[in-house]
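Here the structure is laid out as C-alpha coordinates; the discussion comes afterwards.
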Amino acid sequence: MSDIETLAATYLETGRIDGLPQGHFIAGKATEPSPNKVLESFDPAAGAVFATFAAGTADDVDRAVTSAKDAFEKTWRDTAPAERGRILQRAAALIREKADMLALVECVDAGKTLQEARGDVGGAARAFEYYAGACDKLQGDSFPLGADYAGFSIHEPVGVTAHIIPWNFPISTAARGIAPALAAGCTVVAKPAEQTPFTALMLAQILAEAGLPEGVCNVVTGTGAEAGAPLTRHPDVDHITFTGSVTTGRAVMKAAADEVTRVILELGGKSPVIVLGDCDRERALDGVMGAIYENAGQICSAGSRLVIERSIHDEFVDALARRAAALTLGHGLRNPDMGPVNSAAQLEKIAGFVERARADGGEIVAGGEVATDPETGKGWFYRPTLIDNAKPADEVVREEIFGPVLTIQVADDADHALALANDSIYGLVAGIYTGDFATAHRLARGIDAGQVFINEYFAGGIEVPFGGNRKSGFGREKGIEGLKSYCKTKSIAARIS
Ligand code: NAI
Ligand code: MG
(Lines give C-alpha, C1' and ligand atoms only; values in the text may rest on other atoms or scores of the structure.)
(Ligands and ions follow the chains in the order given, each with its own letter.)
Protein backbone atom coordinates (compact mmCIF):
# COMPACT_ATOMS: atom_id res chain seq x y z
CA MET A 1 0.00 0.00 0.00
CA SER A 2 1.15 3.55 -0.63
CA ASP A 3 1.66 5.90 2.32
CA ILE A 4 -1.69 7.51 1.89
CA GLU A 5 -3.51 4.17 1.62
CA THR A 6 -1.89 3.03 4.87
CA LEU A 7 -2.76 6.31 6.61
CA ALA A 8 -6.34 6.12 5.33
CA ALA A 9 -6.81 2.47 6.31
CA THR A 10 -5.43 3.13 9.79
CA TYR A 11 -7.76 6.06 10.33
CA LEU A 12 -10.83 4.23 9.05
CA GLU A 13 -10.05 1.37 11.45
CA THR A 14 -9.16 3.37 14.55
CA GLY A 15 -10.93 6.72 14.13
CA ARG A 16 -7.72 8.42 15.29
CA ILE A 17 -4.80 10.20 13.64
CA ASP A 18 -1.42 10.01 15.36
CA GLY A 19 0.84 13.02 15.58
CA LEU A 20 -1.73 15.79 15.27
CA PRO A 21 -0.37 19.11 16.51
CA GLN A 22 -1.45 20.12 20.01
CA GLY A 23 -1.78 23.58 21.51
CA HIS A 24 -1.32 26.90 19.79
CA PHE A 25 1.76 27.70 17.76
CA ILE A 26 3.29 30.83 19.28
CA ALA A 27 6.83 32.23 19.10
CA GLY A 28 8.14 29.28 17.12
CA LYS A 29 6.76 26.44 19.19
CA ALA A 30 3.68 24.49 20.10
CA THR A 31 2.30 25.58 23.47
CA GLU A 32 0.71 23.30 26.04
CA PRO A 33 -3.07 23.63 25.93
CA SER A 34 -4.48 24.74 29.31
CA PRO A 35 -6.29 21.80 30.92
CA ASN A 36 -9.77 23.31 30.87
CA LYS A 37 -9.41 24.97 27.53
CA VAL A 38 -9.99 22.17 25.07
CA LEU A 39 -12.44 21.86 22.16
CA GLU A 40 -13.40 18.85 20.04
CA SER A 41 -13.07 18.54 16.31
CA PHE A 42 -15.38 16.34 14.28
CA ASP A 43 -15.01 14.10 11.29
CA PRO A 44 -18.20 15.13 9.46
CA ALA A 45 -18.24 11.92 7.39
CA ALA A 46 -18.58 9.94 10.62
CA GLY A 47 -20.45 12.59 12.61
CA ALA A 48 -17.99 11.87 15.42
CA VAL A 49 -15.21 13.56 17.37
CA PHE A 50 -11.75 12.44 16.26
CA ALA A 51 -9.46 14.86 18.07
CA THR A 52 -9.24 17.75 20.52
CA PHE A 53 -7.48 21.08 20.26
CA ALA A 54 -6.80 24.19 22.31
CA ALA A 55 -9.55 26.75 22.92
CA GLY A 56 -7.72 30.04 22.62
CA THR A 57 -8.55 33.10 24.68
CA ALA A 58 -7.74 36.79 24.53
CA ASP A 59 -4.55 36.04 26.52
CA ASP A 60 -3.33 33.53 23.94
CA VAL A 61 -4.13 36.01 21.18
CA ASP A 62 -2.22 38.70 23.01
CA ARG A 63 0.86 36.48 23.36
CA ALA A 64 0.68 35.59 19.67
CA VAL A 65 0.32 39.21 18.57
CA THR A 66 3.18 40.30 20.85
CA SER A 67 5.37 37.60 19.36
CA ALA A 68 4.39 38.63 15.82
CA LYS A 69 5.09 42.29 16.61
CA ASP A 70 8.52 41.49 18.07
CA ALA A 71 9.40 39.29 15.12
CA PHE A 72 8.28 42.01 12.71
CA GLU A 73 10.40 44.67 14.33
CA LYS A 74 13.46 42.56 15.15
CA THR A 75 13.83 40.24 12.18
CA TRP A 76 11.34 39.73 9.40
CA ARG A 77 10.79 43.30 8.24
CA ASP A 78 14.51 43.59 7.56
CA THR A 79 15.18 40.08 6.28
CA ALA A 80 16.44 40.38 2.72
CA PRO A 81 13.65 39.72 0.22
CA ALA A 82 15.70 37.01 -1.51
CA GLU A 83 16.14 35.21 1.80
CA ARG A 84 12.39 35.42 2.47
CA GLY A 85 11.90 33.87 -0.93
CA ARG A 86 14.25 30.97 -0.15
CA ILE A 87 12.37 30.18 3.06
CA LEU A 88 8.99 30.26 1.33
CA GLN A 89 10.33 28.05 -1.44
CA ARG A 90 11.54 25.50 1.14
CA ALA A 91 8.12 25.64 2.80
CA ALA A 92 6.47 24.86 -0.54
CA ALA A 93 8.76 21.85 -1.01
CA LEU A 94 7.98 20.63 2.52
CA ILE A 95 4.24 20.97 1.90
CA ARG A 96 4.66 18.74 -1.14
CA GLU A 97 6.79 16.29 0.86
CA LYS A 98 4.15 16.05 3.59
CA ALA A 99 1.20 16.21 1.21
CA ASP A 100 -0.17 12.78 2.18
CA MET A 101 -0.47 13.59 5.87
CA LEU A 102 -1.79 17.10 5.20
CA ALA A 103 -4.41 15.74 2.79
CA LEU A 104 -5.45 13.03 5.23
CA VAL A 105 -5.98 15.55 8.03
CA GLU A 106 -7.81 17.99 5.74
CA CYS A 107 -9.99 15.20 4.39
CA VAL A 108 -11.00 13.97 7.85
CA ASP A 109 -11.31 17.32 9.59
CA ALA A 110 -13.17 19.24 6.87
CA GLY A 111 -15.07 16.36 5.23
CA LYS A 112 -13.50 16.55 1.80
CA THR A 113 -12.81 13.75 -0.61
CA LEU A 114 -9.17 12.77 -0.59
CA GLN A 115 -8.86 14.00 -4.14
CA GLU A 116 -10.23 17.42 -3.18
CA ALA A 117 -7.97 17.55 -0.13
CA ARG A 118 -4.93 16.70 -2.25
CA GLY A 119 -5.90 19.45 -4.68
CA ASP A 120 -6.10 21.94 -1.82
CA VAL A 121 -2.71 20.88 -0.45
CA GLY A 122 -1.19 21.23 -3.93
CA GLY A 123 -2.81 24.67 -4.16
CA ALA A 124 -1.24 25.64 -0.83
CA ALA A 125 2.20 24.60 -2.10
CA ARG A 126 1.60 26.63 -5.27
CA ALA A 127 0.77 29.72 -3.19
CA PHE A 128 4.14 29.47 -1.43
CA GLU A 129 5.99 28.85 -4.71
CA TYR A 130 4.31 31.77 -6.39
CA TYR A 131 4.95 34.28 -3.62
CA ALA A 132 8.45 32.90 -2.99
CA GLY A 133 9.29 34.04 -6.49
CA ALA A 134 7.69 37.45 -5.93
CA CYS A 135 9.58 38.49 -2.75
CA ASP A 136 12.46 40.09 -4.62
CA LYS A 137 10.31 41.61 -7.37
CA LEU A 138 8.27 44.04 -5.27
CA GLN A 139 9.50 47.07 -7.15
CA GLY A 140 8.36 50.62 -6.62
CA ASP A 141 8.02 53.48 -9.07
CA SER A 142 10.02 56.57 -9.82
CA PHE A 143 8.22 59.87 -10.31
CA PRO A 144 9.14 62.46 -12.97
CA LEU A 145 9.64 65.55 -10.81
CA GLY A 146 12.34 67.08 -12.97
CA ALA A 147 16.09 67.44 -12.52
CA ASP A 148 15.93 69.07 -9.08
CA TYR A 149 14.19 66.21 -7.35
CA ALA A 150 14.40 62.47 -6.80
CA GLY A 151 10.96 60.90 -6.40
CA PHE A 152 10.30 57.23 -5.84
CA SER A 153 8.10 54.78 -3.98
CA ILE A 154 8.84 51.69 -1.92
CA HIS A 155 6.46 48.95 -0.83
CA GLU A 156 6.75 48.50 2.90
CA PRO A 157 5.18 45.58 4.77
CA VAL A 158 2.07 46.65 6.69
CA GLY A 159 3.18 44.90 9.90
CA VAL A 160 1.31 42.30 11.95
CA THR A 161 -1.41 40.65 9.89
CA ALA A 162 -4.34 38.65 11.27
CA HIS A 163 -5.87 35.86 9.19
CA ILE A 164 -9.32 34.57 10.11
CA ILE A 165 -9.85 31.36 8.22
CA PRO A 166 -13.06 29.44 7.44
CA TRP A 167 -13.67 25.67 7.56
CA ASN A 168 -14.42 25.06 3.90
CA PHE A 169 -10.85 25.52 2.59
CA PRO A 170 -8.69 25.45 5.70
CA ILE A 171 -5.19 24.96 4.29
CA SER A 172 -5.64 26.71 0.99
CA THR A 173 -7.24 29.82 2.51
CA ALA A 174 -4.51 29.91 5.15
CA ALA A 175 -1.81 29.62 2.47
CA ARG A 176 -3.25 32.21 0.12
CA GLY A 177 -3.16 34.77 2.93
CA ILE A 178 -0.05 33.75 4.84
CA ALA A 179 2.25 33.29 1.81
CA PRO A 180 1.87 36.82 0.39
CA ALA A 181 1.91 38.36 3.89
CA LEU A 182 5.27 36.71 4.61
CA ALA A 183 6.56 37.54 1.14
CA ALA A 184 5.82 41.21 1.71
CA GLY A 185 7.69 41.14 5.03
CA CYS A 186 4.66 41.02 7.34
CA THR A 187 4.29 38.72 10.30
CA VAL A 188 1.22 36.59 10.94
CA VAL A 189 -1.30 35.51 13.53
CA ALA A 190 -3.77 33.04 12.03
CA LYS A 191 -7.02 31.86 13.61
CA PRO A 192 -8.37 28.78 11.82
CA ALA A 193 -12.05 27.87 12.12
CA GLU A 194 -13.02 25.83 15.17
CA GLN A 195 -14.33 23.08 12.88
CA THR A 196 -10.94 22.63 11.15
CA PRO A 197 -8.01 23.71 13.33
CA PHE A 198 -5.25 21.29 12.39
CA THR A 199 -3.78 22.07 8.99
CA ALA A 200 -3.05 25.70 9.89
CA LEU A 201 -1.04 24.43 12.88
CA MET A 202 0.76 21.96 10.61
CA LEU A 203 1.51 24.76 8.17
CA ALA A 204 3.06 26.87 10.95
CA GLN A 205 5.27 23.91 11.91
CA ILE A 206 6.31 23.43 8.31
CA LEU A 207 7.24 27.10 8.01
CA ALA A 208 9.37 26.82 11.15
CA GLU A 209 11.05 23.75 9.69
CA ALA A 210 11.69 25.69 6.49
CA GLY A 211 13.66 28.25 8.51
CA LEU A 212 11.09 30.92 9.27
CA PRO A 213 12.34 32.80 12.35
CA GLU A 214 10.33 32.32 15.54
CA GLY A 215 7.31 34.54 16.01
CA VAL A 216 6.91 35.32 12.31
CA CYS A 217 3.96 32.94 11.88
CA ASN A 218 1.72 32.18 14.86
CA VAL A 219 -1.51 30.20 15.02
CA VAL A 220 -4.12 30.46 17.76
CA THR A 221 -6.99 27.97 17.60
CA GLY A 222 -10.41 28.45 19.14
CA THR A 223 -13.84 29.88 18.55
CA GLY A 224 -14.73 33.05 16.72
CA ALA A 225 -16.05 34.70 19.85
CA GLU A 226 -13.17 33.79 22.19
CA ALA A 227 -10.15 33.82 19.87
CA GLY A 228 -11.26 35.49 16.61
CA ALA A 229 -12.88 38.59 18.08
CA PRO A 230 -9.94 39.52 20.38
CA LEU A 231 -7.62 39.18 17.39
CA THR A 232 -9.67 41.58 15.27
CA ARG A 233 -9.80 44.09 18.15
CA HIS A 234 -6.12 43.91 19.02
CA PRO A 235 -4.45 47.35 18.75
CA ASP A 236 -1.15 45.85 17.52
CA VAL A 237 -2.76 44.12 14.52
CA ASP A 238 -2.20 46.24 11.41
CA HIS A 239 -4.25 44.29 8.88
CA ILE A 240 -7.00 41.66 8.94
CA THR A 241 -7.77 39.19 6.15
CA PHE A 242 -11.15 37.64 6.84
CA THR A 243 -12.89 34.89 4.88
CA GLY A 244 -16.33 33.77 6.01
CA SER A 245 -19.94 34.86 6.35
CA VAL A 246 -21.33 38.32 5.67
CA THR A 247 -22.60 38.61 9.24
CA THR A 248 -19.22 37.89 10.79
CA GLY A 249 -17.52 40.02 8.13
CA ARG A 250 -19.58 43.00 9.29
CA ALA A 251 -18.55 42.36 12.91
CA VAL A 252 -14.90 42.12 11.88
CA MET A 253 -15.13 45.37 9.94
CA LYS A 254 -16.71 47.14 12.91
CA ALA A 255 -14.00 45.84 15.25
CA ALA A 256 -11.35 46.95 12.76
CA ALA A 257 -12.89 50.43 12.59
CA ASP A 258 -12.08 51.19 16.23
CA GLU A 259 -8.36 50.75 15.64
CA VAL A 260 -8.49 51.89 12.00
CA THR A 261 -7.08 48.51 10.99
CA ARG A 262 -6.95 47.58 7.32
CA VAL A 263 -9.27 44.77 6.22
CA ILE A 264 -9.84 42.46 3.30
CA LEU A 265 -13.25 40.77 3.41
CA GLU A 266 -13.90 37.66 1.33
CA LEU A 267 -17.53 36.96 2.06
CA GLY A 268 -20.34 34.96 0.60
CA GLY A 269 -21.56 34.52 -2.92
CA LYS A 270 -24.48 33.39 -5.02
CA SER A 271 -22.58 33.05 -8.21
CA PRO A 272 -24.39 32.61 -11.53
CA VAL A 273 -23.37 30.23 -14.30
CA ILE A 274 -24.82 31.39 -17.61
CA VAL A 275 -25.23 28.59 -20.14
CA LEU A 276 -26.29 29.65 -23.63
CA GLY A 277 -27.74 27.49 -26.40
CA ASP A 278 -24.57 27.60 -28.52
CA CYS A 279 -22.26 26.21 -25.82
CA ASP A 280 -20.19 23.03 -25.92
CA ARG A 281 -22.75 20.86 -24.13
CA GLU A 282 -20.36 18.36 -22.48
CA ARG A 283 -18.03 21.06 -21.29
CA ALA A 284 -20.91 23.05 -19.83
CA LEU A 285 -22.33 19.99 -18.07
CA ASP A 286 -18.95 19.16 -16.54
CA GLY A 287 -18.49 22.79 -15.53
CA VAL A 288 -21.91 23.21 -13.92
CA MET A 289 -21.57 19.93 -12.01
CA GLY A 290 -18.15 20.87 -10.61
CA ALA A 291 -19.24 24.42 -9.86
CA ILE A 292 -21.92 23.28 -7.41
CA TYR A 293 -20.96 19.80 -6.21
CA GLU A 294 -17.24 20.21 -5.58
CA ASN A 295 -16.64 20.33 -1.85
CA ALA A 296 -20.36 19.54 -1.50
CA GLY A 297 -21.15 23.08 -2.59
CA GLN A 298 -19.38 24.65 0.39
CA ILE A 299 -17.38 27.11 -1.65
CA CYS A 300 -17.79 30.87 -1.46
CA SER A 301 -17.39 30.95 -5.24
CA ALA A 302 -19.62 27.92 -5.95
CA GLY A 303 -21.72 28.32 -9.08
CA SER A 304 -25.01 28.00 -7.25
CA ARG A 305 -27.39 29.63 -9.76
CA LEU A 306 -27.63 28.12 -13.22
CA VAL A 307 -29.06 30.61 -15.69
CA ILE A 308 -29.89 28.62 -18.79
CA GLU A 309 -31.18 29.66 -22.19
CA ARG A 310 -34.68 28.38 -22.80
CA SER A 311 -33.76 26.64 -26.10
CA ILE A 312 -31.66 24.00 -24.30
CA HIS A 313 -33.28 24.03 -20.87
CA ASP A 314 -35.10 20.70 -21.00
CA GLU A 315 -32.32 18.52 -22.35
CA PHE A 316 -29.63 20.21 -20.22
CA VAL A 317 -31.57 19.86 -16.99
CA ASP A 318 -32.39 16.22 -17.79
CA ALA A 319 -28.71 15.49 -18.28
CA LEU A 320 -27.81 17.36 -15.08
CA ALA A 321 -30.41 15.47 -13.07
CA ARG A 322 -29.09 12.13 -14.34
CA ARG A 323 -25.54 13.09 -13.45
CA ALA A 324 -26.51 14.45 -10.02
CA ALA A 325 -28.41 11.28 -9.15
CA ALA A 326 -25.42 9.16 -10.17
CA LEU A 327 -22.91 10.91 -7.87
CA THR A 328 -21.66 8.64 -5.10
CA LEU A 329 -21.49 9.85 -1.49
CA GLY A 330 -19.25 8.51 1.23
CA HIS A 331 -16.32 9.05 3.56
CA GLY A 332 -13.79 11.23 1.78
CA LEU A 333 -11.05 8.67 2.40
CA ARG A 334 -12.89 6.18 0.19
CA ASN A 335 -12.88 8.75 -2.58
CA PRO A 336 -16.54 9.02 -3.48
CA ASP A 337 -17.72 11.71 -5.91
CA MET A 338 -18.91 13.90 -3.05
CA GLY A 339 -18.16 14.05 0.68
CA PRO A 340 -20.29 15.20 3.61
CA VAL A 341 -21.13 18.74 4.62
CA ASN A 342 -18.93 20.13 7.34
CA SER A 343 -21.21 20.15 10.39
CA ALA A 344 -24.59 19.11 11.73
CA ALA A 345 -25.51 22.81 11.83
CA GLN A 346 -24.60 23.28 8.18
CA LEU A 347 -26.61 20.19 7.22
CA GLU A 348 -29.63 21.52 9.06
CA LYS A 349 -29.26 24.88 7.35
CA ILE A 350 -29.12 23.30 3.88
CA ALA A 351 -32.06 21.00 4.55
CA GLY A 352 -34.07 23.96 5.87
CA PHE A 353 -33.59 25.91 2.64
CA VAL A 354 -34.70 22.97 0.50
CA GLU A 355 -37.68 22.14 2.72
CA ARG A 356 -38.93 25.73 2.55
CA ALA A 357 -38.49 25.70 -1.23
CA ARG A 358 -40.42 22.44 -1.46
CA ALA A 359 -43.23 23.78 0.71
CA ASP A 360 -43.33 26.81 -1.56
CA GLY A 361 -43.88 24.67 -4.66
CA GLY A 362 -40.21 24.43 -5.73
CA GLU A 363 -39.52 21.85 -8.47
CA ILE A 364 -36.90 19.58 -6.95
CA VAL A 365 -35.69 17.45 -9.86
CA ALA A 366 -32.76 15.77 -8.10
CA GLY A 367 -31.77 15.12 -4.49
CA GLY A 368 -33.60 17.14 -1.86
CA GLU A 369 -32.78 14.88 1.06
CA VAL A 370 -30.37 14.21 3.86
CA ALA A 371 -28.17 11.11 3.51
CA THR A 372 -25.46 9.11 5.31
CA ASP A 373 -22.28 7.27 4.40
CA PRO A 374 -23.55 4.07 2.75
CA GLU A 375 -20.74 2.05 4.41
CA THR A 376 -21.52 3.10 7.96
CA GLY A 377 -24.94 4.75 7.99
CA LYS A 378 -23.30 7.74 9.69
CA GLY A 379 -22.21 11.27 8.87
CA TRP A 380 -23.70 14.54 7.70
CA PHE A 381 -24.50 14.22 4.01
CA TYR A 382 -26.90 15.95 1.66
CA ARG A 383 -27.80 14.60 -1.75
CA PRO A 384 -26.82 16.62 -4.83
CA THR A 385 -29.91 18.74 -5.40
CA LEU A 386 -31.41 20.64 -8.33
CA ILE A 387 -34.31 23.09 -8.05
CA ASP A 388 -35.73 23.84 -11.49
CA ASN A 389 -37.65 26.88 -12.76
CA ALA A 390 -36.68 28.98 -9.79
CA LYS A 391 -37.80 32.61 -9.72
CA PRO A 392 -35.62 35.66 -8.96
CA ALA A 393 -37.50 36.36 -5.72
CA ASP A 394 -37.17 32.80 -4.33
CA GLU A 395 -35.20 32.48 -1.11
CA VAL A 396 -33.05 29.73 -2.66
CA VAL A 397 -32.08 32.08 -5.49
CA ARG A 398 -31.32 35.05 -3.27
CA GLU A 399 -29.50 33.51 -0.31
CA GLU A 400 -26.24 31.64 -0.03
CA ILE A 401 -27.06 28.03 0.91
CA PHE A 402 -23.46 26.79 1.08
CA GLY A 403 -24.34 23.23 0.16
CA PRO A 404 -24.90 20.99 -2.87
CA VAL A 405 -28.02 22.80 -4.05
CA LEU A 406 -28.28 24.34 -7.51
CA THR A 407 -31.16 26.57 -8.54
CA ILE A 408 -32.05 26.77 -12.21
CA GLN A 409 -33.44 29.94 -13.81
CA VAL A 410 -34.57 30.09 -17.41
CA ALA A 411 -33.50 32.99 -19.65
CA ASP A 412 -34.98 33.96 -23.01
CA ASP A 413 -31.65 35.11 -24.45
CA ALA A 414 -28.18 36.38 -23.51
CA ASP A 415 -29.40 39.80 -22.35
CA HIS A 416 -32.06 38.28 -20.16
CA ALA A 417 -29.44 35.90 -18.76
CA LEU A 418 -27.21 38.86 -17.91
CA ALA A 419 -30.03 40.64 -16.11
CA LEU A 420 -30.86 37.52 -14.08
CA ALA A 421 -27.17 36.94 -13.30
CA ASN A 422 -26.74 40.46 -11.93
CA ASP A 423 -29.91 40.30 -9.83
CA SER A 424 -28.11 39.48 -6.58
CA ILE A 425 -26.72 41.23 -3.53
CA TYR A 426 -23.48 39.31 -4.15
CA GLY A 427 -20.79 39.72 -6.80
CA LEU A 428 -18.04 37.18 -6.26
CA VAL A 429 -17.63 35.17 -9.46
CA ALA A 430 -19.63 34.25 -12.56
CA GLY A 431 -19.36 31.53 -15.19
CA ILE A 432 -20.26 31.84 -18.87
CA TYR A 433 -20.64 28.98 -21.33
CA THR A 434 -21.09 29.96 -24.96
CA GLY A 435 -19.44 29.21 -28.29
CA ASP A 436 -19.60 32.85 -29.30
CA PHE A 437 -16.47 34.81 -28.44
CA ALA A 438 -18.09 38.23 -28.70
CA THR A 439 -21.07 37.27 -26.53
CA ALA A 440 -18.76 35.76 -23.93
CA HIS A 441 -16.80 38.98 -23.63
CA ARG A 442 -19.86 41.23 -23.74
CA LEU A 443 -21.37 39.27 -20.84
CA ALA A 444 -18.05 39.20 -18.96
CA ARG A 445 -17.92 42.99 -19.11
CA GLY A 446 -21.55 43.30 -18.08
CA ILE A 447 -21.39 41.09 -15.02
CA ASP A 448 -20.73 42.67 -11.63
CA ALA A 449 -18.31 40.16 -10.12
CA GLY A 450 -14.70 40.03 -9.02
CA GLN A 451 -13.86 37.31 -11.53
CA VAL A 452 -15.46 35.73 -14.54
CA PHE A 453 -14.79 32.24 -15.89
CA ILE A 454 -15.43 31.65 -19.57
CA ASN A 455 -15.99 28.05 -20.71
CA GLU A 456 -14.27 26.61 -17.63
CA TYR A 457 -15.60 27.26 -14.16
CA PHE A 458 -12.79 27.77 -11.59
CA ALA A 459 -10.27 28.36 -14.41
CA GLY A 460 -6.99 29.83 -13.17
CA GLY A 461 -5.00 29.54 -9.96
CA ILE A 462 -2.90 31.55 -7.57
CA GLU A 463 -1.86 33.82 -10.46
CA VAL A 464 -5.37 35.27 -10.82
CA PRO A 465 -6.61 37.96 -8.39
CA PHE A 466 -9.66 36.85 -6.42
CA GLY A 467 -12.21 38.79 -4.40
CA GLY A 468 -15.72 40.11 -4.35
CA ASN A 469 -17.92 43.05 -5.24
CA ARG A 470 -21.15 44.11 -3.55
CA LYS A 471 -21.81 42.09 -0.35
CA SER A 472 -19.19 39.54 -1.36
CA GLY A 473 -16.71 41.94 0.17
CA PHE A 474 -13.73 43.91 -1.04
CA GLY A 475 -10.00 43.66 -1.46
CA ARG A 476 -8.21 41.09 -3.59
CA GLU A 477 -6.17 38.05 -2.73
CA LYS A 478 -3.96 35.96 -5.02
CA GLY A 479 -1.89 37.30 -7.88
CA ILE A 480 0.45 40.26 -7.55
CA GLU A 481 -2.52 42.29 -6.36
CA GLY A 482 -2.78 39.90 -3.42
CA LEU A 483 0.81 40.68 -2.52
CA LYS A 484 0.19 44.43 -2.66
CA SER A 485 -2.60 43.96 -0.11
CA TYR A 486 0.14 43.34 2.45
CA CYS A 487 2.17 46.40 1.48
CA LYS A 488 1.86 50.08 2.17
CA THR A 489 3.30 52.40 -0.41
CA LYS A 490 5.69 55.02 0.82
CA SER A 491 6.45 57.86 -1.59
CA ILE A 492 9.70 59.71 -1.08
CA ALA A 493 10.39 63.04 -2.75
CA ALA A 494 13.75 64.72 -2.26
CA ARG A 495 15.13 68.06 -3.36
CA ILE A 496 18.55 67.22 -4.71
CA SER A 497 19.83 70.51 -5.97
P1 NAI B 1 -18.18 32.55 10.17
O2 NAI B 1 -18.03 33.67 9.21
O3 NAI B 1 -18.77 32.88 11.48
O4 NAI B 1 -16.74 31.86 10.44
C5 NAI B 1 -15.58 32.10 9.68
C6 NAI B 1 -14.41 32.35 10.61
O7 NAI B 1 -14.65 33.51 11.40
C8 NAI B 1 -14.11 31.24 11.63
O9 NAI B 1 -12.72 31.13 11.83
C10 NAI B 1 -14.77 31.76 12.90
O11 NAI B 1 -14.23 31.22 14.08
C12 NAI B 1 -14.45 33.23 12.78
N13 NAI B 1 -15.31 34.11 13.57
C14 NAI B 1 -16.61 33.93 13.94
N15 NAI B 1 -17.05 34.98 14.63
C16 NAI B 1 -16.02 35.86 14.72
C17 NAI B 1 -15.87 37.16 15.30
N18 NAI B 1 -16.87 37.75 15.94
N19 NAI B 1 -14.70 37.78 15.17
C20 NAI B 1 -13.68 37.21 14.49
N21 NAI B 1 -13.76 35.99 13.94
C22 NAI B 1 -14.92 35.32 14.05
O23 NAI B 1 -19.00 31.43 9.42
P24 NAI B 1 -19.68 30.08 9.98
O25 NAI B 1 -20.52 30.38 11.16
O26 NAI B 1 -18.64 29.06 10.11
O27 NAI B 1 -20.62 29.70 8.75
C28 NAI B 1 -21.86 30.35 8.58
C29 NAI B 1 -22.14 30.56 7.12
O30 NAI B 1 -21.16 31.44 6.58
C31 NAI B 1 -22.05 29.34 6.24
O32 NAI B 1 -23.24 28.61 6.27
C33 NAI B 1 -21.76 29.94 4.91
O34 NAI B 1 -22.95 30.37 4.29
C35 NAI B 1 -20.92 31.14 5.23
N36 NAI B 1 -19.49 30.88 5.05
C37 NAI B 1 -18.87 31.41 3.96
C38 NAI B 1 -17.55 31.15 3.72
C39 NAI B 1 -16.85 31.69 2.54
O40 NAI B 1 -15.90 31.09 2.06
N41 NAI B 1 -17.21 32.85 2.06
C42 NAI B 1 -16.76 30.29 4.60
C43 NAI B 1 -17.48 29.82 5.76
C44 NAI B 1 -18.81 30.11 5.94
MG1 MG C 1 -13.59 19.00 11.86
Side-chain angles (χ1 to χ4, degrees), residues 17 20 39-53 55-56 58 61 105-112 162-170 172-174 176-177 189-200 219-234 237 240-256 261 263 265-271 295-302 304 332 339-350 352-353 379-380 399-403 405 426 428-429 466-468 471-473 477:
I17 298 175
L20 283 175
L39 292 168
E40 294 177 321
S41 196
F42 287 81
D43 169 355
V49 172
F50 79 101
T52 58
F53 63 98
V61 166
V105 173
E106 197 79 329
C107 172
V108 170
D109 204 8
K112 289 169 182 280
H163 302 253
I164 310 257
I165 299 160
W167 43 261
N168 57 334
F169 283 90
S172 52
T173 310
R176 84 174 182 206
V189 179
K191 208 297 283 174
E194 53 271 44
Q195 296 84 351
T196 52
F198 293 109
T199 47
V219 175
V220 176
T221 57
T223 64
E226 292 202 11
L231 181 58
T232 59
R233 284 196 304 263
H234 201 292
V237 166
I240 303 165
T241 295
F242 171 80
T243 308
S245 63
V246 177
T247 310
T248 305
R250 278 196 190 100
V252 167
M253 199 171 164
K254 282 181 186 154
T261 306
V263 277
L265 299 180
E266 299 278 11
L267 308 178
K270 192 73 195 180
S271 299
N295 212 39
Q298 303 161 110
I299 309 186
C300 50
S301 52
S304 54
V341 298
N342 177 265
S343 62
Q346 191 60 27
L347 182 61
E348 198 179 314
K349 178 178 162 189
I350 297 165
F353 273 112
W380 303 315
E399 291 196 27
E400 182 179 57
I401 297 173
F402 225 62
V405 180
Y426 295 109
L428 192 51
V429 316
F466 176 84
K471 293 210 167 34
S472 295
E477 298 194 76

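Keep in mind that the numbers below use all heavy atoms, side chains included, and drop hydrogens, waters and symmetry copies. Whatever order the structure lists them in is the order used to number ligands and atoms, beginning at 1.
- Screening Thr173, Leu231, Thr243 for a side chain to side chain contact (heavy atoms under 4.5 Å, CB included) with Ile164, the sole residue that qualifies is Leu231.
- Using a 4.0 Å threshold on non-hydrogen atoms, atom 25 (O) of ligand 1 does not count as touching the protein.
- Within a 4.0 Å radius of atom 4 (O) of ligand 1, the protein has no heavy atom.
- Looking at Thr223 next to ligand 1, no N or O pair under 3.5 Å apart turns up.
- Looking at Phe242 against ligand 1, only its side chain comes within 4.0 Å, counting heavy atoms.
- Looking at Gly222 next to ligand 1, no N or O pair under 3.5 Å apart turns up.
- If you look at Gln298 next to ligand 1, there are no close heavy atoms at all, none under 4.0 Å.
- Polar contact check, Thr232 against ligand 1: no nitrogen or oxygen pair lies under 3.5 Å apart.
- Remark: among candidates Ile401, Leu428, Val246, Leu267, the nearest residue to atom 41 (N) of ligand 1 is Leu267, based on non-hydrogen atoms.
- Looking at Ile165 against ligand 1, only its backbone comes within 4.0 Å, counting heavy atoms.
- Nearest residue to atom 2 (O) of ligand 1 from Gly224, Ala162, Ser245 is Ser245 (criterion: closest heavy atom).
- Annotation: cation-pi pair Lys191/Phe242 absent, no NZ/CZ under 6.0 Å from the ring centroid and within 45° of its normal.
- Shown in contact with Gln346 at under 4.0 Å from a heavy atom are these atoms of ligand 1, numbered in order with element: 31 (C), 32 (O).
- Close N/O approach between Thr248 and ligand 1 is found [any backbone or side-chain N/O within under 3.5 Å].
- Under the side chain to side chain contact (heavy atoms under 4.5 Å, CB included) test applied with Thr199, the options Pro192, Ser172, Pro170 reduce to a single match, Pro170.
- In terms of protein heavy-atom proximity, atom 44 (C) of ligand 1 is closest to Phe402 CE2, 3.9 Å.
- The single protein non-hydrogen atom nearest to atom 10 (C) of ligand 1 is Glu194 OE1, 3.6 Å, given as residue, atom name and distance.
- Between Phe42 and Trp380, the ring planes are tilted. Angles from 30° to 60° get that label.
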